[in-house]
Amino acid sequence: MTKPIPAQRLDLLAVEGAFAVAAAARAVEESGREVVHLEFGQPDFPSPPHATAAAIRALEADDAKYTAPAGIPELREAVVAYARMRGIPAERGNVVVTSSAKPMLQYAMLATVNPGDEVLIPTTGFPIYPSIVRFAGGTVHTYSVALTDSGWQLDWDTLDAALSPRTRAILLNSPHNPTGWTATRADLERIARIAEERNLWIISDEIYSGLAFDYPEGISPSAAAIPGMLDRTIIVDGFSKRWSMTGWRLGFGIVPKELFKGMVDLVINNTSCAPPFIQRGGLAAISGPQDAVHALRESLRKRRDRFVAGLNTIPGRRCAPPAGAFYAFVDMSALIATTKLGTDAFASRLLREFGVAGCAGTDFGPTGEGFVRFSFATAAEKLDRAIELLAEASHAFGA
Ligand code: PMP
């Protein structure tokens, strides 16, 4: 009997390597070996207690029916206040609440890209970006975030070279996963000039804003704060990272008014709304005390300094301190060369033989060859243990 064939569309999907590494790490643990988990982009801090309390209260009051697709008005207002604190002139009509940042990324592509349009995305970069561009019928073009003597920087030559008359949108991610590069206001002004000259959309993934180490309150600048740019910028943001609420699956978009109805229609076609008690928890997180966010950021700063210093004592690797987010994207090309393995096989060997779980740089695009990403959003003792194990690996590989 012949069987039905899955749609070709599925072949367009890339996945996040971190999920596969986590599954492989569990298998290694089951075989009795200790593993230091540095694969996931997930802070080890608990959710803010006032968020948890608000969600429980809402559930107990049976606040468990559909809400307006754009989100409850109180949460949308709170996002407006948050945006204004960042200098973004948002109003309620710019804000859409979504079930985490990821669907908002999809909606941003679906709402702006027509088949054949070109979208510029960073390489290295979040692995989901190429999939969602292709899913929307667009063509992927890349610009580089490259390691220079002064740390990670956007390589403007690659961005200029990637632009064409068919370019429809530039996707920015600042602070950037996996490198921690954080756009300055001057970088964003340059992007804004390009977008205005060429009439482009900017899709700005700001999930790590609030975790930028060189800015007051940790808040990195946004392209949408540049006068006129909110009309062409879609901010993708959410509660996963700085509020340490990854499993709540709550996010939001700050979108041009012209796209608002389309975005809401996309929400109606997908999830109808984010769960109401989850939105109540998010409301408490964004509008309540921010001590937990400050504590997380300060702890991440210390962990970054400690981890990067430790890494740089080990032969065969080089790590520039990230300006934001919580990943060390480490150049291990010298060490990898001694093993004659590909980057992916090398990262698997680090896990299987030394018990350190990180993501191969190639999960973030071909320019990640020779790099491994380690999340430092975990306890200092675990980071110290990872340094010990990596030093052992380096010795064993003969670096
Ligand atoms: N963008 C980037 C760059 C990310 O690293 C992540 C999470 N790893 C997301 C978006 C998705 O965030 P959320 O958990 O809100 O879906």
Side-chain angles (χ1 to χ4, degrees), residues 13-22 37-45 47 51 71 75 79 82 96-109 119 121-133 142 145 152 154 170-183 202-212 220 222-223 234-254 267 270-271 274-275 278-279 281-282 285-286 296 300 322-329 358-359 361 363-365 368 373-378:
L13 292 176
V15 289
E16 274 189 82
F19 287 99
V21 178
H37 287 272
L38 306 180
E39 70 274 37
F40 260 130
Q42 171 152 274
D44 62 342
F45 272 49
S47 307
L75 179 53
V79 171
Y82 183 73
V96 183
V97 175
T98 51
S99 301
S100 89
K102 271 187 180 167
M104 191 60 218
L105 271 172
Q106 292 269 4
Y107 302 157
M109 287 298 159
V119 180
I121 62 170
T123 184
T124 54
F126 190 43
I128 300 305
Y129 298 149
S131 334
I132 57 174
V133 172
T142 57
V145 176
W152 292 98
L154 194 162
I170 300 177
L171 193 150
L172 277 182
N173 173 212
S174 168
H176 176 249
N177 175 9
T179 68
W181 165 71
T182 300
I202 299 296
I203 300 170
S204 188
D205 181 346
E206 301 185 13
I207 190 84
Y208 296 102
S209 64
L211 299 177
S220 50
S222 172
I234 300 159
I235 297 181
V236 178
D237 204 342
F239 291 82
S240 287
K241 311 292 180 178
R242 62 191 166 287
W243 288 289
S244 202
M245 292 168 70
T246 49
W248 292 63
R249 313 311 298 133
L250 188 65
F252 54 89
I254 302 174
V267 174
N270 280 278
T271 58
I278 298 289
Q279 295 190 57
I286 196 171
L296 172 63
L300 287 177
F326 40 66
Y327 307 107
F329 199 53
C359 294
D363 284 349
F364 304 90
R373 188 195 79 171
F374 298 111
S375 162
F376 54 81
T378 195

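Remember, predicted model here, so these are calculated numbers, not experimental data. All ligand and atom numbering here is 1-based and tracks the order in the structure. When a residue number appears, it is its place in the shown sequence, counting from 1.
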Checklist entry - Within the distance-only criterion (no hydrogens, no angle test), does the side chain of Ser375 pair as donor or acceptor with the backbone N or O of Phe40 below 3.5 angstrom? => result yes
Item to check | Residue Arg249 vicinity, atoms of ligand 1 by number, heavy atom under 4.0 Å | outcome: 13 (P), 14 (O), 16 (O)
Next on the checklist: Can you tell me which residue among Ile234, Asn270, Val96, Val236 is in a side-chain contact (heavy atoms from CB on, under 4.5 Å) with Tyr107?
Outcome noted: Asn270
Checklist entry - Would a distance-only check, ignoring hydrogens and angles, find a side-chain to backbone donor-acceptor pair under 3.5 Å from Arg242 to Phe239? => result no
Next on the checklist: Test your reading of the model: is there a side-chain donor-acceptor pair from His176 to the backbone of Thr124, 3.5 Å cut-off?
Outcome noted: yes
Item to check | atom 5 (O) of ligand 1: the protein heavy-atom neighbour that sits closest, reported with distance to 0.1 Å | outcome: Tyr208 OH, 2.7 Å
Checklist entry - To which protein heavy atom is atom 15 (O) of ligand 1 closest, and what is the distance rounded to 0.1 Å? => result Ala101 N, 2.8 Å
Next on the checklist: Could you check whether Tyr82 and Asp237, counting side-chain N and O atoms only, form a donor-acceptor pair closer than 3.5 Å?
Outcome noted: no
Checklist entry - Nearest protein heavy atom to atom 11 (C) of ligand 1, by residue and atom, and its distance? => result Lys102 CG, 3.8 Å
Checklist entry - N/O to N/O below 3.5 Å, does that happen between Phe126 and ligand 1? => result no
Next on the checklist: Let's go through Tyr208 and Phe126 carefully: what are the C-alpha distance in whole Å and the side-chain angles of both, what is the deciding distance for ring pair (Phe, Tyr, Trp, His ring centres under 6.0 Å) to 0.1 Å, and is it a yes or a no?
Outcome noted: CA-CA 12 Å; Tyr208 296 102; Phe126 190 43; 8.3 Å; no
Next on the checklist: If the contact criterion is a heavy-atom separation under 4.0 Å, does Thr246 count as touching ligand 1?
Outcome noted: no
Next on the checklist: I'd like to know if Tyr129 contacts ligand 1, where contact means a heavy-atom distance under 4.0 Å to any ligand atom.
Outcome noted: yes
Checklist entry - So which heavy atom in the protein is nearest atom 2 (C) of ligand 1, and how far is it from that ligand atom? => result Asp205 OD2, 3.4 Å
Next on the checklist: What's the separation between atom OG1 in Thr98 and atom CG in Leu250, rounded to the nearest 0.5 Å?
Outcome noted: 7.0 Å
Checklist entry - Of all the non-hydrogen atoms in the protein, which one sits nearest to atom 13 (P) of ligand 1, and at what distance? => result Ser240 OG, 3.5 Å
Checklist entry - Measuring from the heavy atoms of Met104, does anything fall under 4.0 Å of ligand 1? => result no
Checklist outcome for this item: protein heavy-atom neighbour closest to atom 8 (N) of ligand 1 works out as Lys241 NZ, 2.9 Å
Checklist entry - How does Asn173 reach ligand 1, if at all, at less than 4.0 Å between non-hydrogen atoms: by side chain, backbone, both, or neither? => result side chain
Next on the checklist: Closer than 3.5 angstrom, by distance alone: can the side chain of Gln279 be matched with the main-chain N or O of Gly71 as a donor-acceptor pair?
Outcome noted: no
